2 protein chains.
Amino acid sequence: MRKISDSTIRRLSLYLRFLEQATTQGRTTISSGELAKLGGTTSAQVRKDLSFFGSFGKRGLGYTVPELASRIRDILGLQRGYRVVLVGAGRMGGALVQYQGFKQRGFHIAAIYDQDARKIGSRWNGLVVRDVRHLETDLKKERSDIAIVATPADSAQQVVDRLVRCGVKAILNFAPVPLAVPPDVRVKHVNMALELETLSYALANR
Amino acid sequence: MRKISDSTIRRLSLYLRFLEQATTQGRTTISSGELAKLGGTTSAQVRKDLSFFGSFGKRGLGYTVPELASRIRDILGLQRGYRVVLVGAGRMGGALVQYQGFKQRGFHIAAIYDQDARKIGSRWNGLVVRDVRHLETDLKKERSDIAIVATPADSAQQVVDRLVRCGVKAILNFAPVPLAVPPDVRVKHVNMALELETLSYALANR
DNA sequence: TTCTGTGAATAGGTTCACAGCT
DNA sequence: AGCTGTGAACCTATTCACAGAA
């Protein structure tokens with residue numbers, strides 16, 4: 001399959017969000033121009049993004065809302081659900097566990113792990129924090145494709161190594177460190193200080 | 001000033017992180033190749049990124065660690081500190097308040113606001129959650145350039161409108177909605193469900 | 001010899017513009 | 001008439017490759 005840019009994938013996620021909103025508003029059809037306006041882009045961009053995967057619209061009419069939503073879910077692989085394990089029961093971990101946005105999109109946090117004896121056994125949003133030592137045995141019983149790493153920086157790499165050995169293929173990393181993984185494992189970094197720094201740059205240069 | 005791409009700015013932030021790490025390790029000099037390896041890019045990319053702002057290295061030698069760090073801090077506007085206000089004292093807000101990465105980079109969370117009477121008055125990491133009604137009067141007394149919005153989706157736009165009226169020029173938004181702001185105000189979106197969706201796409205297409 | 005700085009070449013992403021359905 | 005789908009044109013970012021300083 002042709003290489004699709006990350007920006008295209010991110011925009012598709014956005015379009016999907018707008019389509020879901022349009023659905024709750026009872027809209028049945030939507031044009032590339034409307035999606036573009038919502039997403040802060042152009043109609044040509046929307047059509048191009050979609051064209052990499054097929055032609056889902058009707059000329060003169062636009063796109064059928066539920067159909068396009070379903071197609072985008074297919075493209076993004078969201079029709080299946082994902083078991084997600086979360087390592088690191090700090091504040092960030094706690095915020096992520098109860099974040100509704102994950103569940104809504106089919107990402108189900110199945111377990112939380114931590115090292116800290118004081119946290120192990122405590123309940124987070126109905127889930128009991130487990131000792132990270134159980135990671136391997138648990139993942140052998142029930143595989144996970146996706147892990148969220150929200151540990152301190154200095155234990156992130158070691159946790160990731162273990163996750164990779166357990167067959168985890170995608171990692172959302174909140175620890176502010178680069179991670180080494182085999183080429184078949186995908187890592188996405190979320191670094192909030194870095195985001196603020198881009199804002200700082202924008203403020204300093206006007 | 002020539003328009004610099006967002007990717008360049010993000011990479012500079014990364015380089016800065018590596019330079020700080022190198023400093024604690026007592027390194028005095030570093031090459032573009034080393035920075036590239038740490039940042040998962042190429043030496044040419046590192047040199048090009050820096051070249052937009054000047055020539056900070058010595059041929060045959062590399063870059064002086066503390067000097068380059070200082071230069072990048074200048075470029076990013078990090079030599080000054082920022083007062084940051086946070087609106088939304090939910091789980092995410094709580095995680096952000098105590099996140100050390102902000103303070104380390106000079107982003108000082110000066111106040112937290114919420115609507116919910118049950119949250120108002122409670123302490124978060126030494127800060128008392130204030131009634132969001134005080135936003136205007138507080139910001140008139142002490143201006144802020146940057147705000148973090150971690151409210152539910154349906155109140156985000158209204159909060160942003162008020163922040164903008166109070167002179168806030170940059171917003172880090174955690175609410176999963178597009179925000180309308182005047183052209184001189186910068187908005188950065190953090191959307192963790194969207195990040196997971198890019199991972200889902202990667203998993204579905206191998 | 002080593003490593004930077006930078007024009008030139010290449011690759012990649014976005015916008016244009018229009019043919020083709022409905 | 002309205003809106004999609006898409007090749008071509010354009011623009012931006014990355015990589016190459018090499019001259020030049022330490």
Side-chain angles (χ1 to χ4, degrees), chain A residues 1-16 18-19 22 27-72 75 198 201-202 205, chain B residues 1-16 18-19 22 27-72 75 198 201-202 205:
Chain A
M1 182 192 245
R2 195 183 166 290
K3 170 77 171 65
I4 304 296
S5 79
D6 191 56
S7 355
T8 290
I9 300 305
R10 300 178 77 86
R11 282 191 298 267
L12 289 179
S13 291
L14 275 182
Y15 305 154
L16 178 55
F18 303 142
L19 289 166
R27 303 271 321 259
T28 55
T29 188
I30 198 164
S31 71
S32 58
E34 292 172 280
L35 283 172
K37 191 118 142 250
L38 293 165
T41 180
T42 65
S43 64
Q45 181 75 80
V46 173
R47 296 198 301 277
K48 183 64 90 179
D49 286 338
L50 295 172
S51 78
F52 295 132
F53 302 96
S55 38
F56 309 129
K58 288 199 190 14
R59 295 175 193 226
L61 255 168
Y63 302 89
T64 314
V65 171
E67 191 202 317
L68 184 56
S70 169
R71 292 309 190 94
I72 295 182
I75 293 164
T198 68
Y201 172 79
N205 297 278
Chain B
M1 181 192 247
R2 194 182 167 292
K3 172 75 173 69
I4 304 296
S5 78
D6 191 57
S7 357
T8 290
I9 300 306
R10 301 178 76 86
R11 282 191 299 265
L12 289 180
S13 292
L14 275 182
Y15 305 154
L16 178 54
F18 304 141
L19 289 165
R27 303 270 321 259
T28 56
T29 189
I30 198 164
S31 71
S32 57
E34 291 172 282
L35 284 172
K37 191 117 143 250
L38 292 164
T41 179
T42 66
S43 64
Q45 180 75 79
V46 172
R47 296 199 301 277
K48 184 64 92 180
D49 285 339
L50 295 171
S51 78
F52 295 132
F53 302 96
S55 38
F56 310 128
K58 289 199 188 13
R59 297 176 192 226
L61 256 169
Y63 304 88
T64 314
V65 171
E67 192 203 316
L68 185 57
S70 170
R71 294 308 191 93
I72 295 182
I75 293 165
T198 68
Y201 173 78
N205 297 276

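Computed from a predicted model, the values in this text were never measured in an experiment. Numbers restart at 1 for each chain; the letters A, B, ... are given by sequence-line order, proteins then strands. Heavy atoms only: backbone and side chains are in, while hydrogens, waters and symmetry mates are out.
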Out of C:dA19, C:dA17, C:dT4, minimum distance to the side chain of B:R59 belongs to C:dT4
Atom CD1 of A:I4 and atom C1' of C:dG12 are separated, to the nearest Å, by 12 Å
To the nearest angstrom, the CG-C1' distance between B:D6 and D:dC11 comes to 17 Å
Under 4.5 Å between any side-chain heavy atoms of B:I4 and A:Y201, yes or no? yes
A:L35 atom CG is separated from D:dC3 atom P, nearest whole Å, by 13 Å
Only residue of A:D6, A:T41, A:D49 satisfying side-chain hydrogen bond (donor to acceptor under 3.5 Å, both in side chains) with A:R11 is A:D49
note: B:D49, atom CG; C:dT4, atom C1'; distance rounded to Å ~ 14 Å
To the nearest angstrom, the CZ-C1' distance between B:R71 and C:dT4 comes to 15 Å
B:L50 atom CG is separated from C:dT6 atom C1', nearest whole Å, by 13 Å
In whole angstroms, the gap separating C1' of D:dT12 from CD1 of B:I9 amounts to 15 Å
Review point. Have A:E34 and A:S31 got a donor and an acceptor in their side chains that come within less than 3.5 Å?
Key: yes
When rounded to whole Å, the CZ to P distance for the pair B:F52 and D:dA13 reads 8 Å
### Message
Less than 4.5 Å apart, side chain to side chain, heavy atoms only: is that true for B:F52 and B:T8?
### Response
yes
_Quick check on D:dA13: is either OP1 or OP2 less than 4.0 Å from any side-chain nitrogen or oxygen of B:S7?_
no
* Is there a side-chain polar atom (N or O) of B:S5 under 4.0 Å from OP1 or OP2 of D:dT12? -> no
The residue, A:Y63 or B:R47, whose nearest nucleotide of DNA chain D is more 5′ is A:Y63
What I'd like to find out is whether the side chain of A:L12 reaches to under 4.5 Å of the side chain of A:F53, using heavy atoms alone. yes
Walking DNA chain C from its 5' end, the first of A:R11 and A:G60 to be reached, judged by nearest nucleotide, is A:R11
OP1, OP2 of D:dT15 versus side-chain N and O of B:T42: anything below 4.0 Å? yes
Short side-chain N/O contact to C:dT15 OP1/OP2 from A:Q45, under 4.0 Å: yes
| request: Tell me what A:K48 touches on the nucleic acid: a base, only sugar-phosphate, or nothing, going by heavy atoms under 4.0 Å. | output: base
**Asked** Between C:dT4 and B:S32, is there an OP1 or OP2 to side-chain N/O distance shorter than 4.0 Å?
**Response** yes
